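Report on the structure given below.
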Amino acid sequence: MLSYDKTKPTVAFVVPTGIGASIGGYAGDASYTARMFSKDFNIIVNPNVVNAACFSGISDNMLYVEGWSLSQFFKGNLNLVPSRGNKIGIIFDKGISQDIINVHINTINAVKTVYGVNIIGYEVTNSPCNVRFFKTSSGISSGSLENNKTLLDAGKKLIAKGAQVIAVDCKFDEPPEDDYKNGNDVDVVGGIEAVISHYLTRELKVPVVHSPAFEDITISKEIVNAKCAAEYITPTFLPCLLIALDNAPLIFNKKVEHYISIDDVKALIMPYNSLGSSIVADAISKEIKVFAVKENTSVLNITKKVINKSDIIEVNTYKECNYILKELLNAK
């Protein structure tokens, strides 16, 4: 059983993927802030908050919940069940060369050795997935998946073998030169990664998260911005998925023993101008306190004023938000 303290309030700390958030839009750069909240609360995070290539910002009382599950949870359609030592299956895109798959297999074995995670096996898709990524006219990250069925078939095989959670590695082309490495741009691959995770989680009804596999695994010798540095010192981004999935909560559309429902959530914390998602609307409708943090902005412009929701609480910093929440919820 995961370390979930029922005496502590539960809050959700969310940074949407692929929107260029100034905190959380890079490689685990929201982890430190999320861990500040985790000292006083049980905290639900989406993978974008803590995933950091070969590192993970996850802590024992964080509930690691993929985006589709998160949206269904906020609608009241899913419950979360804290879990420990999940059986993890891995999907590899057939488009990845065997040499690169071998690097990932070594990575899997290293994570198993160091962290003791339970990897039940992997499946290579029957055909290449053919993933494409791009930015939309609004500047957010998006993309397309040509062969979704081959991923779904591989996922079903892993579940038949006993997998409770799944990590996916699809082949990605090298991203174009932009200002991401300097901490001034959108993560161009993040949007389609979210699409893949959402699709497979919805269809398989188990937590699924994705990391890209690149054929060029050369370690950069260039100094990059600290916010994205984790991605420039490793040939594979798989470790953060395996570490977090090990103790990710399982998802159920019914009440089961030790379940956590949306009724347990007391607050939702969002970047200042990314308030257009369904979880914000659902939180407001359920009278959950919603905080918009001004120090975290994105390429979006969806603020409290734009959506005309006067009950959203605007704060300047995450530190201020944490202080207010502790006072409001009597966190100890």
Side-chain angles (χ1 to χ4, degrees), residues 11-34 37 43-52 57-58 62-75 78 133-143 180 183-199 201-202 207-212 227-228 231 240-241 244 262 265 267-284 288 290-304 306-307 309 312-315 318 321:
V11 303
F13 182 105
V14 176
V15 181
T17 305
I19 62 169
S22 55
I23 300 172
Y26 296 86
D29 55 301
S31 295
Y32 179 80
T33 304
F37 285 88
I43 177 171
I44 297 169
V45 296
N46 60 315
N48 190 56
V49 170
V50 293
N51 282 357
I58 203 76
M62 287 185 186
L63 297 159
Y64 182 80
V65 182
E66 175 278 334
W68 180 83
S69 302
L70 190 66
S71 65
Q72 293 300 306
F73 174 75
F74 267 83
K75 291 182 186 303
L78 283 182
F133 53 84
F134 50 82
K135 291 181 196 172
T136 68
S137 58
S138 61
I140 65 172
S141 171
S142 187
Y180 176 77
N184 297 312
D185 214 330
V186 171
D187 178 6
V188 70
V189 306
I192 186 58
E193 287 196 89
V195 169
I196 293 168
S197 298
H198 296 358
Y199 165 71
T201 302
R202 184 186 72 227
V208 181
V209 286
H210 180 276
S211 67
K227 293 192 293 185
C228 58
E231 295 179 345
C240 62
L241 272 58
I262 188 59
V265 177
L268 169 63
I269 305 157
M270 297 289 295
Y272 171 66
N273 60 353
S274 61
L275 303 178
S277 66
S278 64
I279 63 170
V280 173
D282 290 330
I284 292 171
I288 295 170
V290 178
F291 289 81
V293 183
K294 291 182 178 180
E295 72 172 325
N296 195 4
T297 58
S298 71
V299 297
L300 302 176
N301 188 31
I302 308 174
T303 62
K304 167 183 174 177
V306 169
I307 63 173
K309 296 293 184 181
I312 291 176
I313 304 166
E314 292 182 344
V315 294
Y318 281 111
C321 180

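Everything quoted here is computed from the prediction, not taken from an experiment. Heads up: numbering here begins at 1 and tracks the sequence.
For the residue pair T17 and G191, the shortest heavy atom distance occurs at CG2-N, 4.4 Å. Heavy-atom minimum distance, P207 versus T201: C-OG1, 4.2 Å. The shortest heavy-atom contact between I312 and A292 is CG2-CB, 4.0 Å. Closest approach of E193 to P212, counting heavy atoms only: OE1-CD, 3.1 Å. Looking at every heavy atom in both residues, I19 comes nearest to P16 through CG1-O, 3.5 Å.
Scanning for side-chain hydrogen bond (donor to acceptor under 3.5 Å, both in side chains) contacts around S69 gives E66, with sequence neighbours left out. Taking S137 as the reference, nothing meets the side-chain contact (heavy atoms from CB on, under 4.5 Å) condition, with sequence neighbours excluded. Shown here are the side-chain hydrogen bond (donor to acceptor under 3.5 Å, both in side chains) partners of S22, two or more places apart in sequence or in another chain: N296. For Y180, the ring-ring contact (aromatic ring centres under 6.0 Å, His included) partners at least two apart in sequence or on another chain are Y26. Contacts of S211 classified as side-chain hydrogen bond (donor to acceptor under 3.5 Å, both in side chains), with partners at least two apart in sequence or in another chain: D169. Not counting sequence neighbours, the partners of N301 by the side-chain contact (heavy atoms from CB on, under 4.5 Å) test are T303. A52 meets the side-chain contact (heavy atoms from CB on, under 4.5 Å) test with F55, A230; sequence neighbours excluded. Qualifying salt bridge (Lys or Arg N to Asp or Glu O under 4.0 Å) partners for K309, counting only residues two or more places apart in sequence or in other chains: none. Annotation: side-chain hydrogen bond (donor to acceptor under 3.5 Å, both in side chains) contacts of K135 (sequence neighbours excluded): D185. In this view, S31 and V50 satisfy the side-chain contact (heavy atoms from CB on, under 4.5 Å) rule, not counting sequence neighbours. Under the ring-ring contact (aromatic ring centres under 6.0 Å, His included) criterion, Y318 pairs with F13, sequence neighbours left out.
Looking only at side-chain heavy atoms (C-beta outward), Y64 and V209 come within less than 4.5 Å of each other. Taking 4.5 Å as the limit, every side-chain heavy atom of P271 sits out of range of all side-chain heavy atoms of E295. A heavy-atom distance below 4.5 Å is found between the side chains of I302 and I307. Looking at heavy atoms from C-beta onward, V265 lies in side-chain contact with I44 at the 4.5 angstrom threshold. Residues F133 and D187 form no side-chain contact, since every pair of their non-hydrogen atoms from C-beta on lies 4.5 Å or further apart. In this structure, V315 and I313 have side chains that are in contact, with non-hydrogen atoms separated by less than 4.5 Å. With contacts defined as side-chain heavy-atom distances shorter than 4.5 Å, the pair L268/F74 qualifies. By the 4.5 Å heavy-atom criterion applied to side chains, S298 and Y272 are not counted as neighbours.
Panel note: side chain S71, backbone W68; a donor-acceptor pair is recorded below 3.5 Å. A donor-acceptor pair under 3.5 Å is formed between the side chain of N273 and the backbone N or O of L300. In this structure, N46 contributes its side chain and V15 its backbone to a donor-acceptor pair below 3.5 Å. The backbone N or O of G18 lies less than 3.5 Å from no partner atom in the side chain of S141, so there is not a single donor-acceptor pair.
Summarising the geometry, atom NE2 belonging to H210 is positioned 13.0 Å from atom NE2 belonging to H198; distances are rounded to the nearest 0.5 Å. Between atom CG of residue D282 and atom CD of residue Q72 there is a gap of 9.0 Å, rounded to the nearest 0.5 Å. Going from atom CE of M62 over to atom CD1 of I43 covers 5.5 Å, rounded to the nearest 0.5 Å.
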V299 vs V186, test: side chain to side chain contact (heavy atoms under 4.5 Å, CB included). Steps then yes/no. CA-CA 8 Å; V299 297; V186 171; 3.7 Å; yes
After noting the C-alpha distance and the side-chain angles of I269 and C321, does the key distance pass the side chain to side chain contact (heavy atoms under 4.5 Å, CB included) rule? CA-CA 8 Å; I269 305 157; C321 180; 4.0 Å; yes
Working note: V45 + I58, criterion side chain to side chain contact (heavy atoms under 4.5 Å, CB included); need CA distance, chi angles, decisive distance, verdict. CA-CA 9 Å; V45 296; I58 203 76; 4.3 Å; yes
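Atom OH of Y32 has 12 or fewer neighbouring heavy atoms from other residues, nucleotides or ligands inside a 6.0 Å radius.
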Going by atom type alone, with no hydrogens or angles, which donor-acceptor pairs under 3.5 Å involve a side-chain atom of residues 274-281 and a protein atom two or more places apart or on another chain?
none

